[in-house]
Enquirer: 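There's a structure below that I have some questions on.
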There are 2 protein chains.
Amino acid sequence: MSTIKDVAKYCGYSVATVSRVINDDPIVKAETREKVLLAIRALKYRPNLVAKNLRTQKSNSILVMIPTIANPYYAEVLRGIEQGVKETEMNPIIGTVEFDPKHMDHFLELLDSNQADGVIFISSSITSDRLTEVAKKHPAVMCNEYFDPMPVSYVSINNEDAAYEAACELANAGCKQIAYFSGVRDSSSSLDRSRGVKRAEEECESVAVSIIRGEDDLHSLKNKIRRILEENPEIDGLIMNSDVNGSVAIRALVEMDLVPGKDVRIISFDGTIISEITTPMLSCVKQPLFDLGYKAVWLLEKQMKEENAPIERLILSHEVTIRET
Amino acid sequence: MSTIKDVAKYCGYSVATVSRVINDDPIVKAETREKVLLAIRALKYRPNLVAKNLRTQKSNSILVMIPTIANPYYAEVLRGIEQGVKETEMNPIIGTVEFDPKHMDHFLELLDSNQADGVIFISSSITSDRLTEVAKKHPAVMCNEYFDPMPVSYVSINNEDAAYEAACELANAGCKQIAYFSGVRDSSSSLDRSRGVKRAEEECESVAVSIIRGEDDLHSLKNKIRRILEENPEIDGLIMNSDVNGSVAIRALVEMDLVPGKDVRIISFDGTIISEITTPMLSCVKQPLFDLGYKAVWLLEKQMKEENAPIERLILSHEVTIRET
DNA sequence: AATAAAGCTGTAATCGATTACATCGAGTGG
DNA sequence: CCACTCGATGTAATCGATTACAGCTTTATT
């Protein structure tokens, strides 16, 4: 590979001038620029970005901490991030944590070793303290979840309203007894949603809502749903905390000879492709997944541009989509 | 952030010695090593990997070209890659091409600009010529697909055998007329699978197989399946080229009041989580997705270690899993 | 015409590491 | 006692870019 020196030699200018051409410095004479560009093309020169990064002290990449990539939900958020990052000529470094804090630390090292300029935490299980510590040294943003008080900017939907609307939707469709499966963690989203369904219960007096906590694998969740439905045959509405879990609910119902969407209605969170490929198709709370990622980048860039940019809270709009359940 | 110089000053040794300690050079005296390590800890020093990469002329990252991340299939392969890469202290840079060759070029630039040391193409739509060109300058490996003749090492399953076995499985279950939906591209996998189903047709004389090409979105694929089944009511077996398309087949059948797994059997390729969350659960050809990724890294590393490492072909074993369709 | 200003380009220091080679003291052998 | 080896550390060049500052032309100003 040729270097900037080779180009300089080839066209008879100094490396400084070549560098200026590369970086579009308007100070170079048009004629000079042409000659340099010619040389660059002739030698098929590509700037060594590692050298550039060392000199300029930025890496041009941002770290994205994600629980797992094996979930269409995160994959879609990631697409938004990639789009955002691409528009500013940066590169994303994707750190899949796989629910292991050791992995998290491994990736966070990238920040300290100058390989990443900032970090986005998606639905992260990082602790508030650790995040605060990271945020002191590096620009950081959260996506989907937040802490109170907020150590960094974040973007998400209004989970409370979303859950409220989902419950109302079921109530309007005639459901009298709704079970909300919230997942186990006392994450901000899970708490907000619980608050939302409770609010619906208070406001529409015709409906009762119970909250079922606990995170299970596919199989045990299915059994749990069956058990709960058998013990409480009056339940006629389910709110599931993800599309995958919505699909599990469908299966549980089918196995009990109940018809999803008729005997028992289901609304799941997320609106990923999963909700479109089940039979029947899942009604769901559609999150703006792509935009969540895109905006997260946008927030992060603000933090990176200004040393003391204010911390922001960004709420995107969701949409309750009724399909076949 | 402190630098190697700060550490040197702090402990009274030269930067050379500090560097030797960092890189575990056995030549430094044990006592010296201790003092240096103490200084490193005291200053919370982290080596600047950008500087290291510049000096050593390697980036410690590999590029992974993937069609899209929004597909559990690729996500799982990626998990294998991440595992492999992690074991060698490298980092993956994920380039999602989204079926746009411009994106591909953008990412391939990383190789020329010293930001990546090698590249893995997953199910890539790169042309044979372009790949050959890239491979001339950089270590490269293909995953899932291949070219003939092979410009680089690759890893995949034996798609011909897999399709053959799937067809035989349907035949054994009593199917007389099988339709194989192959997808549109004349990719190596698609061609191999076509060969496989044809071989099954020849060998089991009781069964006839037709190959249906063409790549459609979810909705038009569903209509296509319906149309074909209406026009050919004798079809009693479907082989779909992916789990997502398998789920579409389920829906098409249900809409026609046919029972998947009884009136018409379905076997789909891949064995992603999708095949487990449909109702009924899809029978499928399970690919070793994680291992495909893991081994791809392994092959790439061989190429990176030796300038002229031989090109290899690695075939992993698949498994036909009969579930409910 | 002398001088100041403006426009371009070049020189060389710098980013933070690695590493070939030099150096220096202690130990060894004759 | 001298020469030599060996072990441990230091000196300084280097990777390939950016950029402050210097310096040289050319143009403008009085």
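Lettering follows sequence order; numbering is per chain, from 1. For clarity, every value in this text was computed on a predicted model and none was experimentally measured.
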Enquirer: Just how far, in rounded Å, is P of C:dA12 from NZ of A:Lys5?
Expert: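 Taking atom P of C:dA12 as the reference, NZ of A:Lys5 is at 13 Å.
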Enquirer: For the side chain of A:Val15, starting at C-beta, report the closest nucleotide among D:dT18, C:dA17, D:dT9.
Expert: D:dT18
Enquirer: Please tell me which of the listed nucleotides, C:dC8, C:dT18, C:dG10, lies nearest to the side chain of B:Ser19?
Expert: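 That would be C:dT18.
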Enquirer: Quick one: on DNA chain D, does B:Leu54 or B:Gly12 contact a more 5' nucleotide (nearest heavy atom)?
Expert: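 The residue mapped nearer the 5' terminus is B:Gly12.
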Enquirer: Distance check needed: D:dG16 C1' versus B:Asn114 CG, whole Å only.
Expert: 9 Å
Enquirer: Looking at B:Thr3, I'd like to know whether one of its side-chain N or O atoms comes within less than 4.0 Å of OP1 or OP2 on C:dG16.
Expert: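 Negative; the distance criterion is not met.
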Enquirer: To the nearest angstrom, how far is B:Ile4 atom CD1 from C:dT19 atom P?
Expert: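 Between P of C:dT19 and CD1 of B:Ile4: 11 Å.
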Enquirer: Counting any heavy atom closer than 4.0 Å, what does B:Val28 reach on the DNA or RNA strands: base, sugar-phosphate only, or nothing?
Expert: sugar-phosphate
Enquirer: Once you round it to whole Å, what is the distance between C1' of D:dG7 and CD of B:Glu31?
Expert: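 Rounding to the nearest Å, CD of B:Glu31 and C1' of D:dG7 are 14 Å apart.
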Enquirer: Whole Å only: how far is the CG atom of B:Leu43 from the P atom of C:dG16?
Expert: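 Going from CG in B:Leu43 over to P in C:dG16 covers 14 Å.
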Enquirer: Measure from the side-chain heavy atoms of A:Lys29 and tell me the nearest of C:dT11, C:dC8, C:dG16.
Expert: C:dC8
Enquirer: So which one's nearest nucleotide on DNA chain D is more toward 5', A:Arg20 or A:Ala51?
Expert: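 Result: A:Ala51.
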Enquirer: If you check every side-chain atom of A:Arg55, which of C:dT19, C:dG16, D:dG16 has the closest atom?
Expert: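 Nearest nucleotide to the side chain: D:dG16.
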Enquirer: Round to the nearest Å and state the distance from B:Asp25 atom CG to C:dA20 atom P.
Expert: 11 Å
Enquirer: Quickly, which of A:Ser19, A:Ser14, A:Pro47 forms a side-chain contact (heavy atoms from CB on, under 4.5 Å) with A:Ile4? Name it, please.
Expert: A:Ser19
Enquirer: Classify B:Arg33 by what it touches in the nucleic acid, base, sugar-phosphate, or nothing, heavy-atom distance under 4.0 Å.
Expert: nothing
Enquirer: Is the side chain of B:Ser190 donor-acceptor paired with the backbone N or O of B:Asp186 at a distance under 3.5 Å, no angle test?
Expert: no
Enquirer: Rounded to the nearest Å, what distance is computed from the OH atom of residue B:Tyr13 to the C1' atom of nucleotide C:dA17?
Expert: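 In whole Å, C:dA17 C1' and B:Tyr13 OH are 21 Å from each other.
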Enquirer: Mind checking the CE-CG spacing from B:Met1 to B:Leu43? Nearest 0.5 Å is all I need.
Expert: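 Reported to 0.5 Å precision, the distance equals 10.0 Å.
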Enquirer: Give, for atom OG of A:Ser188 and atom CG of A:Asn144, the distance between the pair rounded to the nearest 0.5 Å.
Expert: 8.5 Å
Enquirer: Would you say a side-chain N or O of B:Thr56 is under 4.0 Å from OP1 or OP2 of D:dC15?
Expert: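 No, outside the criterion.
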Enquirer: D:dT18 P sits how many Å from A:Gln57 CD, rounded?
Expert: 14 Å
Enquirer: For D:dG10, does OP1 or OP2 lie under 4.0 Å from any side-chain N or O of B:Thr17?
Expert: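 For B:Thr17, the contact criterion (side-chain N or O under 4.0 Å from OP1 or OP2 of D:dG10) is met.
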Enquirer: Of all the nucleotides listed (D:dA17, C:dG16, D:dT19), which has the minimum atom distance to the side chain of A:Ala16?
Expert: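 Per side-chain heavy atoms of A:Ala16, the pick is D:dT19.
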Enquirer: So which of B:Glu87, B:Lys86, B:Arg79 actually passes side-chain hydrogen bond (donor to acceptor under 3.5 Å, both in side chains) with B:Gln83?
Expert: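 Per the side-chain hydrogen bond (donor to acceptor under 3.5 Å, both in side chains) rule, the option paired with B:Gln83 is B:Glu87, out of B:Glu87, B:Lys86, B:Arg79.
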Enquirer: Under 4.0 Å between a Lys/Arg side-chain N and an Asp/Glu carboxylate O for B:Asp112 and A:Lys44?
Expert: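 Between A:Lys44 and B:Asp112 there is no salt bridge, as every charged N stays at least 4.0 Å from the carboxylate O atoms.
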Enquirer: Hey, does B:Asn23 reach any base, or is it just sugar-phosphate, or nothing, if we go heavy atoms under 4.0 Å?
Expert: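 If one applies the 4.0 Å heavy-atom cut-off, B:Asn23 turns out to touch the sugar-phosphate alone, with no base involved.
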